[in-house]
Amino acid sequence: QVQLVESGGGLVQAGGSLRLSCAASGSINAMGWYRQAPGKQRELVAIIPTGGDTDYAGSVKGRFTISRDNAKNTVYLQMNSLKPEDTAVYYCNVRDYNDTAYWGQGTQVTVSS
């Protein structure tokens, strides 16, 4: 069973930066971040497979960077030039080598204008 621990959310002014972290236990393949704003569906923000290319939602390209430390089984999301529309609960998502998905508890990111 994979356990996930997220950290790093908070309140920031527009134009500011935040860094999210998600530490996972167990053997992990792909790692990524999703977000869900009030009244909206959960959407993919960024994904980083074990050995493949990263992928980003169009709305965050050039502003967000996903990275991972395989030695620590941790995925990061560096968020720069934040906008009010980035306000959401951000969820870490990982998949093991059986393609089973696991979700973090979510961390709130609020960007004030």
Side-chain angles (χ1 to χ4, degrees):
Q1 185 76 7
V2 173
Q3 303 291 329
L4 301 175
V5 178
E6 297 182 27
S7 62
L11 172 65
V12 66
Q13 288 189 331
S17 298
L18 284 173
R19 188 193 195 205
L20 306 183
S21 300
C22 174
S25 64
S27 183
I28 300 301
N29 187 5
M31 307 181 86
W33 292 93
Y34 288 69
R35 68 185 181 187
Q36 188 166 18
K40 294 187 177 181
Q41 289 189 331
R42 192 172 297 188
E43 62 175 358
L44 174 69
V45 176
I47 190 167
I48 182 167
T50 299
D53 293 333
T54 56
D55 194 20
Y56 296 90
S59 59
V60 307
K61 276 185 180 178
R63 300 188 297 122
F64 291 11
T65 302
I66 190 170
S67 62
R68 62 189 287 173
D69 183 335
N70 291 326
K72 296 181 179 179
N73 244 10
T74 299
V75 61
Y76 305 95
L77 186 68
Q78 178 66 44
M79 305 184 292
N80 298 328
S81 302
L82 282 160
K83 303 176 180 180
E85 51 263 44
D86 295 317
T87 295
V89 178
Y90 283 69
Y91 296 91
C92 175
N93 172 273
V94 304
R95 290 184 177 271
D96 62 19
Y97 285 92
N98 292 319
D99 207 33
T100 301
Y102 300 87
W103 292 93
Q105 78 276 16
T107 185
Q108 177 70 47
V109 172
T110 302
V111 185
S112 63
S113 57

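Bear in mind the structure is a predicted one, so any value in this text is a computation, not a measurement.
- Checked against side-chain contact (heavy atoms from CB on, under 4.5 Å), Gln108 has the following partners two or more places apart in sequence or in another chain: Thr87, Val89, Thr110.
- Other residues sharing a hydrophobic cluster with Tyr97 under the 4.5 Å side-chain heavy-atom criterion for ILVMFWY residues do not exist; the residue is a singleton.
- When all heavy atoms of Leu4 and Cys92 are compared, the closest pair comes out as CD1-O, 4.1 Å.
- Hydrophobic cluster membership for Leu11: none, as no Ile, Leu, Val, Met, Phe, Trp or Tyr side chain comes under 4.5 Å of it.
- Closest heavy-atom contact between Gly8 and Leu18: O-CD2, 4.0 Å.
- Under a 4.5 Å side-chain heavy-atom cut-off, the cluster of Ile, Leu, Val, Met, Phe, Trp and Tyr residues that includes Tyr76 has no other member.
- Here the shortest heavy-atom pairing between Pro84 and Ser113 reads CG-CB, 3.8 Å.
- Smallest separation of non-hydrogen atoms from Leu82 and Arg63: CA-NH1, 3.9 Å.
- Between Thr74 and Lys72, the closest heavy-atom pair is OG1-O, 2.9 Å.
- In this structure, Asn98 contributes its side chain and Thr100 its backbone to no donor-acceptor pair below 3.5 Å.
- Applying the side chain to side chain donor-acceptor pair (under 3.5 Å) test to pairs two or more places apart or on separate chains, none has a residue in residues 6-16.
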*Can Arg68 and Asn70 be said to form a side-chain hydrogen bond (donor to acceptor under 3.5 Å, both in side chains), step by step?*
CA-CA 6 Å; Arg68 62 189 287 173; Asn70 291 326; 2.7 Å; yes

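- Counting heavy atoms from C-beta outward, Leu20 and Tyr91 have side chains that stay 4.5 Å or more apart.
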Enumerate, atom names and distances included, each donor-acceptor pair closer than 3.5 Å involving a side-chain atom of residues 26-41, sequence neighbours excluded.
unit_1, atom_1, unit_2, atom_2, d
Asn29, OD1, Thr50, OG1, 2.8
Arg35, NE, Glu43, OE2, 2.7
Arg35, NH1, Asp86, OD1, 3.0
Arg35, NH1, Tyr90, OH, 2.9
Arg35, NH2, Glu43, OE2, 3.3
Arg35, NH2, Ser59, OG, 3.3
Gln36, NE2, Lys40, O, 3.1

*Just do the side-chain contact (heavy atoms from CB on, under 4.5 Å) check on Tyr56 and Ile48 with the steps written out, would you?*
CA-CA 9 Å; Tyr56 296 90; Ile48 182 167; over 6 Å; no

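- A donor-acceptor distance shorter than 3.5 angstrom exists from the side chain of Ser25 to the backbone of Gln3, with no hydrogens or angles considered.
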